[in-house]
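Written out below as structure tokens is the structure these notes cover.
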Amino acid sequence: MTDRTSERGPDEKPKLKEYEGEGITVTFEPRRCLHAAECVHGLPEAFDLSRRPWVQPDAAEAGLVAEVVRRCPSGALQYHPADGSVEHPDSPTSVRRTSSGQLVMRGDLLVTGVHGDRHETRVMLCGCGASGNQPYCDHSGPCTEPDDDIPDQR
């Protein structure tokens, strides 16, 4: 297993951390994480914030790791099975506004931002316009208020 970080310049795509396992690779985009904690609560043997690296994809069966990653509402966590398959988007696409204003979207999505178009299956978009990570929510505006719809470990 490796813990590789892609360092990029300010005009390139955001930093992405990659955790490679035998059957599955998990990627993590720190700026998109909103601390819903679905990963650490769902599979603590593979996702443990007290360890380095905190993601250990080989600590559980690859299918179970993928299942827990799909619970990540922000899309900060993604997975890539060793067999080359991809995450299938929810169908139909769903859009839900939280009481804090974020737009929680799941489906076959094309998100346009400062780094161009990105194909996504899960995102939390900024609904207040204050995010420094547009179009993704980063809790820098009214979204900083606790949301009963999304668990937060802050």
Side-chain angles (χ1 to χ4, degrees), residues 1-8 12-100 102-113 115-127 131 133-139 143 146-154:
M1 164 181 24
T2 62
D3 178 359
R4 295 191 305 239
T5 302
S6 301
E7 297 295 335
R8 304 193 188 268
E12 296 181 40
K13 290 184 180 178
K15 183 169 69 169
L16 187 71
K17 294 183 178 188
E18 184 175 278
Y19 303 93
E20 189 174 321
E22 291 294 319
I24 192 167
T25 296
V26 175
T27 60
F28 176 61
E29 191 175 327
R31 287 190 68 199
R32 283 181 53 188
C33 182
L34 297 177
H35 308 289
E38 292 290 334
C39 54
V40 296
H41 292 144
L43 196 58
E45 57 269 31
F47 302 94
D48 184 345
L49 296 174
S50 68
R51 278 193 319 238
R52 293 294 174 256
W54 76 278
V55 177
Q56 296 188 7
D58 288 336
E61 189 269 320
L64 190 53
V65 172
E67 177 186 319
V68 170
V69 168
R70 283 191 296 271
R71 295 180 199 167
C72 175
S74 69
L77 286 171
Q78 301 286 328
Y79 68 92
H80 310 281
D83 67 7
S85 61
V86 296
E87 178 179 351
H88 296 285
D90 288 3
S91 183
T93 295
S94 65
V95 179
R96 178 178 57 86
R97 182 179 292 275
T98 68
S99 59
S100 301
Q102 298 112 327
L103 297 172
V104 181
M105 303 177 74
R106 296 180 75 92
D108 187 9
L109 310 169
L110 180 64
V111 178
T112 301
H115 301 291
D117 293 342
R118 292 179 72 174
H119 289 274
E120 303 276 7
T121 56
R122 296 170 280 111
V123 296
M124 287 186 71
L125 300 179
C126 176
S131 175
N133 191 26
Q134 287 291 342
Y136 305 98
C137 180
D138 69 359
H139 282 183
C143 305
D147 191 328
D148 294 336
D149 296 336
I150 299 172
D152 195 319
Q153 64 182 34
R154 281 189 276 200

Minimum-distance pair of heavy atoms, taken over all atoms of [X] and [Y]:
{"X": "C33", "Y": "S74", "value": "CA-OG, 4.1 Å"}
{"X": "P57", "Y": "G21", "value": "CG-N, 3.8 Å"}
{"X": "G113", "Y": "P135", "value": "CA-CD, 3.8 Å"}
{"X": "A82", "Y": "E22", "value": "CB-O, 3.6 Å"}

If we only count heavy atoms from C-beta on, is the [X] to [Y] side-chain gap below 4.5 Å?
{"X": "V65", "Y": "V26", "result": "yes"}
{"X": "V69", "Y": "C39", "result": "no"}
{"X": "L43", "Y": "L64", "result": "yes"}
{"X": "E38", "Y": "P73", "result": "yes"}
{"X": "K15", "Y": "R31", "result": "no"}
{"X": "P53", "Y": "F28", "result": "no"}

- Determine, stepwise, if the pair F47 / V68 fulfils side-chain contact (heavy atoms from CB on, under 4.5 Å). CA-CA 10 Å; F47 302 94; V68 170; 4.1 Å; yes
- Message: Y136 vs V123, test: side-chain contact (heavy atoms from CB on, under 4.5 Å). Steps then yes/no.
- Response: CA-CA 7 Å; Y136 305 98; V123 296; 3.8 Å; yes
- Task: Answer yes or no: is there an ion pair linking R32 with E120, defined by an N-O contact shorter than 4.0 Å?
- Result: yes
- salt_bridge(R118, E29) N-O dist < 4.0 Å: yes
To the nearest 0.5 Å, tell me how far [X] [atom1] sits from [Y] [atom2].
{"X": "T93", "Y": "R106", "atom1": "OG1", "atom2": "CZ", "value": "11.0 Å"}
{"X": "L34", "Y": "C137", "atom1": "CG", "atom2": "SG", "value": "5.0 Å"}
{"X": "E20", "Y": "T25", "atom1": "CD", "atom2": "OG1", "value": "4.5 Å"}
{"X": "Y19", "Y": "L77", "atom1": "OH", "atom2": "CG", "value": "9.0 Å"}
{"X": "D108", "Y": "D90", "atom1": "CG", "atom2": "CG", "value": "10.5 Å"}
{"X": "D117", "Y": "L109", "atom1": "CG", "atom2": "CG", "value": "12.0 Å"}

If we ignore hydrogens and angles and just use 3.5 Å, is the side chain of [X] paired with the main-chain N or O of [Y] as donor and acceptor?
{"X": "T27", "Y": "K17", "answer": "no"}
{"X": "N133", "Y": "D138", "answer": "no"}
{"X": "R70", "Y": "Q78", "answer": "no"}
{"X": "E61", "Y": "G63", "answer": "yes"}
{"X": "R122", "Y": "P89", "answer": "no"}

- Query: Between H80 and E87, is any side-chain donor less than 3.5 angstrom from a side-chain acceptor?
  - Reply: no
- Task: Would you please test V111 and H119 for side-chain contact (heavy atoms from CB on, under 4.5 Å) and show each step?
- Result: CA-CA 6 Å; V111 178; H119 289 274; over 6 Å; no
- Applying side chain to side chain donor-acceptor pair (under 3.5 Å) between Q102 and each of R96, R97, H139, report the one that passes.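 Looking at R96, R97, H139, the match for Q102 under the side chain to side chain donor-acceptor pair (under 3.5 Å) is H139.
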- Query: V40 and D48: side-chain contact (heavy atoms from CB on, under 4.5 Å), yes or no, with the steps?
  - Reply: CA-CA 6 Å; V40 296; D48 184 345; over 6 Å; no
